[in-house]
Amino acid sequence: MAFTSIRRNLSRDILELCLLICIIDAVSGILSPTFSLFAENLGVSLALLGIIITVGGLTQLIVALPFGVLSDRIGRPTMLVGGVCAFALCLFTAAFAGGPALLFTSRVLYGIGGVATFSIGAGYLGDITTREQRPFAFGLYTSAMGFGFAVGPFAGARLVDRYDARTAYIVGGLLALVGLALALRILRSANRRKGALVMRRASGLGNIRGILGQHDLMLVTFGNMLMSIAFAGGVTTFFPIYADDLLISQAAIGSMFALRALVSTLGRVPNGMISRSFGSQPVMLSALLIDTLVMFAIGHTTNPTLLMSLLAIEGLAFGAYLVSGQTYVADHTSFENRGAAVGVYSTASSLGSTIAPLVLGFIASAYGVRLVFTVTGAVLALGLFCSVVGYLVLARTNTRALAPESADS
C-alpha cells in the first residue's frame, strides 16, 4: 500500500527535476566551503572577501523577482537551463581566477544560478504536480537539495586535499554540464506539453500586484524571511564562531553541521506528509516556534553535545518550513502567476540572508557573539507573534466572508 502511494505521487518529470537539483546542489557544495580559503590564497584580503561574498547575496536579491516574472513569460524549464549554465560558468570562472575580478564574476554567476535553478525549480515542481502530489514531491525535492549539498562539500574537500581547489572547481563545472544535459531533456519534455504555452501569456506587473495582494502568501513569505535570518545570521555565520570561542574543534564543528544536514534532509519527506495531513500553516508556525526556542537556547548553552542537538533540531525545523512553505506557494498559485510568487518568496529569503549577517555582525562586534542568538531569537519571537495574529485575522475575515453564503444556503 505504501509503495503504491509513493508510485502515485511520483512521475518521471518529478524524478528528473529532483535529480537535476541534487546535481546542482552538489556543484554548489563543491564551491561554497572552499571559496573563502581559495580567495585568501590568491591574496584577497578578508575585507575584500566579505565584499565579494556579499555581491553574490545582493545578486540573488536583485534578480529573484525579475527572474520569477520572466519564468511566467518564457517558461520555467528555459530558466532552469540558463541557471545550470550559470553554475557551470561560475565553477569554470573560479577555476581560472587569478585575482578579484574573476572571483567577483564567479559570485555574480553563483547568485544568478541559485535563483534560476533552486527557486525556479520549486516553481516548476508546482507546475508538474497536483495538490495531492505536492507534499510528497516537495519533500523529495528538498531532500534532493539536502543530499546534494551533503555530497558536494565531502567530494570537494577530498579533491582539494588530493589535488587543489582549481581541480575541484573544474570537476564541479563538468558535473554542471551533466546537469545541463538533464536540464535540456526537461526543457524538451516541457515543450511537448501545453502548459509551457500557457505560461508564455502571463503578465508580469499584474502578477506581482496580484501576489502582493494575497495576504496569506505574504504571511508565508514573511515567515520564510524569518527562517532565512536565523539560518544565514545565527546558524551559518555566527554559530561556528561561537563554537570556536568555546574551544570546540573545527572537526567537531564540522560534525555538528553534518548532523544538522542529515537530520534536516531525512526529515523533509516525512514533514511533507505531515503537511498533507494537518495543513501547511500549522507546520510552518511550529517550525518558526522551534527555531525561536533554539536561537534562545544556543546563546545560553556551552555544552558541545547539547549544542549539536540544538543545531540538529534547528535543521529539522528549517527543513519543515522549506517543504511546507514551498508547497503552500504552489498550492495557492497557478501556471500564470507562480513564477512571480516564487520571485517574491525568494526575494524575502535573500533579503533576510543579506541583512542578517551585516546587522548581527555589528552586534557581535560591540557586545559579543552570544548576544547574537538572543537578538535573533527575539526577532523570530516578534515575527512569530505577528504571523499568528495575521493568520487569526485572515481566518476571522474568511469566516465572515463565508457567513452570508452559508446563511443563504
Exercise. Where do Pro100 and Val44 come nearest, in terms of heavy atoms and distance?
Worked result: CG-CG2, 4.4 Å
For this session: Would you check if Ser387 and Leu285 make a side-chain contact, meaning some heavy-atom pair closer than 4.5 Å?
Result: yes
Problem set entry | Asn303 (side chain) donor-acceptor with Leu306 (main chain) under 3.5 angstrom | yes
Exercise. Can the ring centres of Tyr110 and Phe35 be said to be less than 6.0 Å apart?
Worked result: no
Exercise. Are any of the side-chain heavy atoms of Phe239 and Met256 separated by less than 4.5 Å?
Worked result: yes
For this session: With side-chain contact (heavy atoms from CB on, under 4.5 Å) as the test, would you mind laying out the steps for Tyr321 and Val283 before giving the verdict?
Result: CA-CA 7 Å; Tyr321 200 100; Val283 174; over 6 Å; no
Problem set entry | Check: Ser119/Ser346 side-chain N/O donor and acceptor closer than 3.5 Å | yes
Seminar exercise, completed: One should read off an interatomic distance between Ile24 CD1 and Leu19 CG, to the nearest 0.5 angstrom, of 10.0 Å
Problem set entry | Shortest non-hydrogen contact between Val235 and Pro240, atoms and distance | O-CD, 3.3 Å
Seminar exercise, completed: Value for CG (Leu247) from CG (Asp245), rounded to nearest 0.5 Å, stands at 8.0 Å
Exercise. Between Ser353 and Ser350, is there a donor-acceptor pair closer than 3.5 Å when you use the side chain of the first and the backbone of the second?
Worked result: yes
Exercise. Given side chains that start at C-beta, do those of Gln326 and Arg134 come closer than 4.5 Å, heavy atoms only?
Worked result: no
Exercise. If every non-hydrogen atom of Val115 is compared with every non-hydrogen atom of Ala64, which pair is closest and at what distance?
Worked result: CG1-CA, 3.7 Å
For this session: Let me know which of Val379, Leu371, Thr376 forms a side chain to side chain contact (heavy atoms under 4.5 Å, CB included) with Leu360.
Result: Thr376
Problem set entry | Heavy-atom check, side chain of Ile186 versus side chain of Asp13, under 4.5 Å | no
Exercise. How many angstroms lie between CZ in Arg73 and CG in Leu70, if you round to the nearest 0.5 Å?
Worked result: 8.5 Å
Exercise. Do the side chain of Arg107 and the main chain of Val55 share a donor and acceptor less than 3.5 angstrom apart?
Worked result: no
Problem set entry | Nearest heavy-atom neighbours spanning Ala364 and Val372 | CB-CG2, 3.7 Å
Problem set entry | Side chain proximity check, Ile363 to Phe238, heavy atoms < 4.5 angstrom | no
Exercise. Any side-chain heavy-atom pair from Leu187 and Leu80 closer than 4.5 angstrom?
Worked result: no
For this session: For the pair Ser349 (side chain) and Tyr345 (backbone), establish whether a donor and an acceptor sit closer than 3.5 Å, ignoring hydrogens and angles.
Result: no
Exercise. What residues form a ring-ring contact (aromatic ring centres under 6.0 Å, His included) with Tyr141, not counting sequence neighbours?
Worked result: none
Exercise. Are the side chain of Asn191 and the backbone of Arg188 linked by a donor-acceptor contact shorter than 3.5 Å?
Worked result: no
Problem set entry | Check: Phe373 ring centroid to Tyr242 ring centroid under 6.0 Å | yes
Exercise. From Leu380 CG over to Ile290 CD1, what is the distance, rounded to the nearest 0.5 angstrom?
Worked result: 12.0 Å
Exercise. Counting distance only, does the side-chain N/O of Thr93 pair as donor-acceptor with the main-chain N or O of Ser106 below 3.5 Å?
Worked result: no
Exercise. If you measure from CD1 on Ile21 to CG on Leu125, what distance do you get to the nearest 0.5 Å?
Worked result: 9.0 Å
For this session: Work out which heavy atom in Leu288 is nearest to a heavy atom in Gly223; give both atom names and the distance.
Result: CD2-O, 4.0 Å
For this session: Say whether, by atom type as modelled, one donor and one acceptor occur between the side chain of Ser71 and the main chain of Gly68 under 3.5 angstrom.
Result: yes
Problem set entry | Straight-line distance of Leu65 CG to Ile62 CD1, nearest 0.5 Å | 12.0 Å
For this session: Could you tell me whether Arg396 sits above the aromatic face of Tyr391, with NZ or CZ closer than 6.0 angstrom to the six-membered ring centre and within 45 degrees of the axis?
Result: no
Exercise. Regarding Ser264 and Arg268, is there a side-chain donor-to-acceptor distance under 3.5 Å anywhere?
Worked result: yes
Exercise. Side chains of Leu384 and Leu226: closer than 4.5 Å at any heavy-atom pair?
Worked result: no
Problem set entry | Check: Phe138 main-chain N/O paired with Thr142 side-chain donor or acceptor under 3.5 Å | yes
Exercise. Is there side-chain contact between Met227 and Asp291, with heavy atoms separated by less than 4.5 Å?
Worked result: yes
Exercise. Between Arg76 and Gly123, what is the shortest heavy-atom contact and its length?
Worked result: CD-C, 3.6 Å
For this session: For Arg338 and Ala330, indicate whether the former's side chain and the latter's backbone hold a donor-acceptor pair under 3.5 Å.
Result: yes
For this session: Decide if atom CZ of Phe92 counts as having more than 12 heavy atoms of other residues, nucleotides or ligands within a radius under 6.0 Å.
Result: yes
For this session: Would you kindly say whether Thr221 and Asn224 are connected by a side-chain donor-acceptor distance under 3.5 Å?
Result: no
Problem set entry | Close aromatic pair by centroid cut-off 6.0 Å: His300 and Phe296 | no
